[in-house]
Amino acid sequence: MFVAIYRWRLHPQREQDFVANWQRITLGGLACGSGGSSLFRNAQGIWVAIARWPSRAARDRFFGELDGSSDESEMSERARLAVIERLPDEELDSVLDCWAAFPEITEGPRP
């Protein structure tokens, strides 16, 4: 398993655009074999995403094939404008995977 951790500072008034775009990309990734992702906000207001993939190559292949349709481009641009600062990514290769699936979560995304 490969895990990528992403971090950003976001404009508070544009957080919803960012969340919607992250969810869109995650749903597309799930259809292409991703292990999904989670999006968090820490106490300092930093947004953190953890994305799981079977391999780094699978993640890279997915992002290389993302559809560039005008609707997606517009949403991606709004999400890009939400970012004040992108902090360094962290990429991790699994040594021991003891994560368990949670029962289905019925809540929607919460910024």
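In this chain, numbering begins with 1 at the start of the sequence shown.
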Exercise. Check the pair R56, D93 against side-chain contact (heavy atoms from CB on, under 4.5 Å), reporting the backbone distance first and the verdict last.
Key: CA-CA 8 Å; R56 182 175 280 132; D93 293 303; 3.8 Å; yes
Quiz item: Quick one: OG on S73 to CZ on R80, what's the gap to the nearest 0.5 Å?
Solution: 12.0 Å
Quiz item: Does L87 belong to the same Ile/Leu/Val/Met/Phe/Trp/Tyr cluster as L10, with side-chain heavy atoms less than 4.5 Å apart forming each link?
Solution: no
Quiz prompt | Full working for side-chain contact (heavy atoms from CB on, under 4.5 Å) between E91 and F2 | solution = CA-CA 7 Å; E91 298 182 345; F2 169 75; 3.6 Å; yes
Self-check item: Same cluster (ILVMFWY, side-chain, under 4.5 Å), F40 and F18
Solution: no
Practice problem: Could you tell me how the ring of W22 sits relative to the ring of Y6: parallel (under 30°), tilted (30 to 60°) or perpendicular (over 60°)? | Solution: perpendicular
Quiz item: What distance separates S38 OG from R52 CZ, expressed to the nearest 0.5 Å?
Solution: 8.5 Å
Quiz item: Would you call I5 and D89 a side-chain contact if the rule is heavy atoms closer than 4.5 Å?
Solution: no
Practice problem: Could you check V48 against W8 for side-chain contact (heavy atoms from CB on, under 4.5 Å), going step by step and ending with a plain yes or no? | Solution: CA-CA 7 Å; V48 178; W8 310 265; over 6 Å; no
Quiz prompt | Cationic N near anionic O, under 4.0 Å, R78 to E74 | solution = yes
Quiz item: CD1/I46 to CZ/R7 distance, rounded to the nearest 0.5 angstrom?
Solution: 7.0 Å
Quiz item: Between M1 and I50, is there a shared hydrophobic cluster once you connect ILVMFWY residues whose side-chain heavy atoms come closer than 4.5 Å?
Solution: yes
Self-check item: V83 side chain near W47 side chain, heavy-atom distance below 4.5 Å
Solution: no
Exercise. Assess the side chains of S76 and R24: does a donor N or O sit below 3.5 Å from an acceptor N or O?
Key: yes
Self-check item: Side-chain touch V3/W53, heavy atoms, less than 4.5 angstrom
Solution: no
Practice problem: Drop me the distance from N21's CG to T26's OG1, to the nearest 0.5 angstrom. | Solution: 9.5 Å
Quiz item: CG of L27 to OG of S34: how many Å apart, nearest 0.5 Å?
Solution: 9.5 Å
Quiz item: To the nearest 0.5 Å, how far apart are CD1 in I84 and CZ in R14?
Solution: 10.0 Å
Quiz prompt | Minimum heavy-atom distance between A58 and P54, given as atom pair plus value | solution = CB-CG, 3.9 Å
Quiz item: Taking D97 for the side chain and W99 for the main chain, is one N or O donor matched with an acceptor at less than 3.5 Å?
Solution: yes
